Amino acid sequence: MIYDLVIVGGGIGGSALATVMARAGRSVLVLEKSAEYEDRVRGEWIAPWGVVETKRVGLYDTLIAAGGHHLSEHITYDESLPPDLCEASPLPLNMLIPDIPGPLCIGHPHHCQTLYDAAQAAGATCLRPVNVESVTLGDTPSVTFTHDDKQQTVEARLIVGAEGRQSMVRAAAGIKLHQDRPHHWFTGLLVENVEGWDPKRQAIGTEGGFGFLAFPQGDGRVRVYGGYALEEKGRFAGEDGPARFLEAFRMECAPHNKALADGTPAGPLYSYFNNDSWTDEPFAPGCVLIGDAAGWNDPINGLGLSITYRDVRIVSEILKDTPEGASPDFSSYAEERAERMRRLRFAGQLQAILDMEFGETAKARRLSYHTRKAEDPSLGIHGIAIMAGPETVPPEFFTDAHRARVLGEPKETAA
């Protein structure tokens, strides 16, 4: 049998694409490495524009039925501002896109399993755990893998790389991965038994040498992240790392963080760099890449899932529109994704400078930014790109001149 699609990676991107294409009547094989999905401390928040993509591919109701939790407001705290002032005017997240209640949160392992089950229900053949040994591309794409101690090789009209940052399909295709330099460390933890935190409110804030983010998942669970300087690599290492990490959330500028610090760690504490990565063309003869395999955005933006669901939507539309026997043309996908990732990279760099740099100079810069933004809201439009989609913001807001304006730099330094 020659499959229409062999998808390497049965996480969110792979299982979502498998579900969409199996529902369209295509023969799909999903090869997933893990026997059980693990908490990887990322991929649990879908921006409003990403929620639109889940609806367009027909998976929104599936996520809601699995316990998807909407957030409706955002608050930015800062050590240079009184908490009452920050809380007086929260950003209403349910007003950004019509008919979208706000960002959608769902735990990553549960999210993956939900979509894997949906792919099977749609008619895709899903195998796990699988060890993929080789990928052959070109005119006759194939994958050799071992499952249940049996090695086999299957052919496909197209192989999809959806297996994340260390993509074997990307390597087989010889697609170059570009990466920028890390800006800071990022650490995440799932916290449960959180009492006193509004379950509809997400927040970000900076005080001293620490910046935090918090995203409620409902039922007293909150995913929290913290950013800190690169030179503090081992700041939360050791057995007492989770406890010390939560203690860092006790901030005078964000008094409600006490609820987070008093919560119970409910998963692993992971630390990783915040950098961006991208590919020039996320396809080659016989294959296409989606999700992190095609390059990822700085996690400070939290857009991994939104990016992935748009990848799934665009790739599935191209595949559905390709006549039987013809080779799909992914050039429009590559062009759209390149500009999408460029804009999000720009927004993430601004966000990192503003929220994850520390010391008196950084503190003064944030105060200047917040003061000037109160008079000129366009200074914060990069945040709208993150929430409502990069294409919703005019191109002049992704230029060196706008960066200088946001950061309060002299125009001649914006080169």
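This structure is a prediction, so every number in the text was calculated from the model and none was measured.
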Engineer: Using distance alone, with no hydrogens and no angle criterion, decide if His74 and Thr76 have a side-chain donor and acceptor under 3.5 Å apart.
Structural biologist: yes
Engineer: Do Glu207 and Asp78 have side chains that get closer than 4.5 Å, going by heavy atoms?
Structural biologist: no
Engineer: Taking 4.0 angstrom as the limit, do Glu391 and Arg310 come out as a salt bridge?
Structural biologist: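 Salt bridge flag = yes for Arg310 with Glu391.
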Engineer: Which pairs with one or both residues in residues 123-138 pass salt bridge (charged side-chain N to carboxylate O under 4.0 Å, His left out), sequence neighbours excluded?
Structural biologist: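 As it turns out, there is no salt bridge (charged side-chain N to carboxylate O under 4.0 Å, His left out) pair with a partner in residues 123-138 once direct neighbours are skipped.
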Engineer: Please identify each residue that fulfils ring pair (Phe, Tyr, Trp, His ring centres under 6.0 Å) with Phe212, with sequence neighbours left out.
Structural biologist: Phe249
Engineer: To the nearest 0.5 Å, what is the distance between CZ on Arg405 and CG on Leu379?
Structural biologist: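 That separation rounds to 4.5 Å.
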Engineer: Residues in ring pair (Phe, Tyr, Trp, His ring centres under 6.0 Å) with Tyr3, at least two apart?
Structural biologist: none
Engineer: Has Glu396 got more than 12 heavy atoms of other residues, nucleotides or ligands less than 6.0 Å from its CD?
Structural biologist: yes
Engineer: May I ask you to decide if Ser378's main-chain N or O and Asp376's side chain share a donor-acceptor pair within less than 3.5 Å?
Structural biologist: yes
Engineer: Flag this pair as yes if the NZ/CZ of Arg235 is under 6.0 angstrom from the six-membered ring centre of Trp185 and inside a 45 degree cone about the axis; otherwise no.
Structural biologist: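 No, Arg235 does not lie over the aromatic ring of Trp185.
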Engineer: Does a salt bridge link Arg250 with Asp262, judged by any charged N lying under 4.0 Å from a carboxylate O?
Structural biologist: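 Yes, charged N to carboxylate O under 4.0 Å.
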Engineer: Salt bridge check: are Glu357 and Arg366 linked by an N-O gap of less than 4.0 Å?
Structural biologist: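 Between Arg366 and Glu357 there is no salt bridge, as every charged N stays at least 4.0 Å from the carboxylate O atoms.
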Engineer: Work out which heavy atom in Val28 is nearest to a heavy atom in Ala18; give both atom names and the distance.
Structural biologist: CG1-CB, 3.8 Å
Engineer: Would you indicate whether the side-chain heavy atoms of Thr279 and Lys176 approach each other to under 4.5 Å?
Structural biologist: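 Lys176 vs Thr279: side chains apart.
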Engineer: With side chains defined as the heavy atoms from C-beta onward, is the minimum distance between Val288 and Leu158 less than 4.5 Å?
Structural biologist: yes
Engineer: Identify all side-chain donor-acceptor contacts of residues 89-109 below 3.5 Å with residues at least two apart in sequence or on another chain.
Structural biologist:
none

Engineer: With rounding to the nearest 0.5 Å, note down the distance linking CG in Leu367 to OG in Ser80.
Structural biologist: 4.5 Å
Engineer: Answer yes or no: is there a donor N or O on one side and an acceptor on the other, between the side chain of Lys200 and the main chain of Glu73, under 3.5 Å?
Structural biologist: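 Absent.
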Engineer: Passes salt bridge (Lys or Arg N to Asp or Glu O under 4.0 Å), Arg221 versus Glu192? Steps please.
Structural biologist: CA-CA 4 Å; Arg221 296 188 307 273; Glu192 61 184 9; over 6 Å; no
Engineer: State plainly whether the residues Glu44 and Arg223 are in salt-bridge range, i.e. N to O under 4.0 Å.
Structural biologist: yes
Engineer: Determine whether the aromatic ring centres of His184 and Phe186 lie less than 6.0 Å apart.
Structural biologist: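 Close enough - the centres of the two rings lie under 6.0 Å apart.
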Engineer: State whether the side chain of Arg343 and the backbone N or O of Pro390 hold a donor-acceptor pair below 3.5 Å, judged by distance alone.
Structural biologist: yes
Engineer: Between Leu344 and Ile307, is there a side-chain heavy-atom distance shorter than 4.5 Å?
Structural biologist: yes
Engineer: Provide the closest heavy-atom pair for Ala261 versus Leu246 in the form atom of the first, atom of the second, distance.
Structural biologist: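 Closest pair (atom of Ala261, atom of Leu246, distance): CB-O, 3.3 Å.
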Engineer: For a quick check under 3.5 Å, do Thr187 and Tyr272 share a side-chain donor-acceptor pair by atom type?
Structural biologist: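 No, no side-chain donor-acceptor contact under 3.5 Å.
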Engineer: Quick one: does Glu32's side chain have a donor or acceptor within less than 3.5 Å of a partner on Gly10's backbone?
Structural biologist: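 A pair under 3.5 Å: yes.
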Engineer: Contact between Thr19 and Thr62 at the side-chain level, heavy atoms closer than 4.5 Å - yes or no?
Structural biologist: no
Engineer: Any non-hydrogen side-chain atom of Asp148 less than 4.5 Å from a side-chain atom of Leu127?
Structural biologist: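 A side-chain contact under 4.5 Å is absent here.
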Engineer: Flag the pair Pro129 / Ser34 as yes when at least one side-chain heavy-atom distance between them is below 4.5 Å, and no otherwise.
Structural biologist: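 Counting from C-beta outward, Pro129 and Ser34 never come under 4.5 Å.
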Engineer: Does Ser167 use its side chain to pair, donor to acceptor, with the backbone of Gly164 at less than 3.5 Å?
Structural biologist: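 No; judged by distance alone, with no hydrogens or angles, the pair does not exist.
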Engineer: Could you list all the ring pair (Phe, Tyr, Trp, His ring centres under 6.0 Å) pairs where at least one residue sits in residues 364-391, not counting sequence neighbours?
Structural biologist: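 Listed by first then second residue: nothing to list.
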Engineer: Just checking Lys55: does its NZ atom have more than 12 heavy atoms from other residues, nucleotides or ligands closer to it than 6.0 angstrom?
Structural biologist: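 Buried by this count: over 12 neighbours within 6.0 Å.
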Engineer: Do we see a donor-acceptor contact under 3.5 Å between the side chains of His178 and Asp280?
Structural biologist: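 Yes, Asp280 and His178 have a side-chain donor paired with an acceptor closer than 3.5 Å.
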Engineer: May I ask you to decide if Ala47's main-chain N or O and Ser306's side chain share a donor-acceptor pair within less than 3.5 Å?
Structural biologist: yes
Engineer: For residues 31-51, which residue pairs pass the ring pair (Phe, Tyr, Trp, His ring centres under 6.0 Å) check, not counting sequence neighbours?
Structural biologist: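 Ring pair (Phe, Tyr, Trp, His ring centres under 6.0 Å) check on residues 31-51 returns Trp45-Phe215.
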Engineer: Is it true that the NZ or CZ of Arg342 lies under 6.0 Å from the centre of Trp278's six-membered ring and within 45 degrees of the ring axis?
Structural biologist: no
Engineer: Which of these passes salt bridge (Lys or Arg N to Asp or Glu O under 4.0 Å) with Asp4: Lys320, Arg157, Arg26?
Structural biologist: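 Of Lys320, Arg157, Arg26, salt bridge (Lys or Arg N to Asp or Glu O under 4.0 Å) with Asp4 is met by Arg157 alone.
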Engineer: Have a look at Leu289 and tell me which of Val8, Ile175, Val160 forms a side chain to side chain contact (heavy atoms under 4.5 Å, CB included) with it.
Structural biologist: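 The single option meeting the side chain to side chain contact (heavy atoms under 4.5 Å, CB included) with Leu289 is Ile175.
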Engineer: One thing to verify: whether Arg337 and Asp311 come together as a salt bridge, which I'm taking to mean a side-chain N less than 4.0 angstrom from a carboxylate O.
Structural biologist: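 Judged by the 4.0 Å cut-off on N to carboxylate O distance, Asp311 and Arg337 do form a salt bridge.
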Engineer: Classify the side-chain pair Ser368/Arg372 by whether it contains a donor and acceptor separated by less than 3.5 Å.
Structural biologist: yes
Engineer: Do the non-hydrogen side-chain atoms of Asp298 and Asn275 ever get within less than 4.5 Å of each other?
Structural biologist: no
Engineer: Parallel, tilted or perpendicular, judged at 30° and 60°: which one describes the rings of His111 and Tyr309?
Structural biologist: parallel
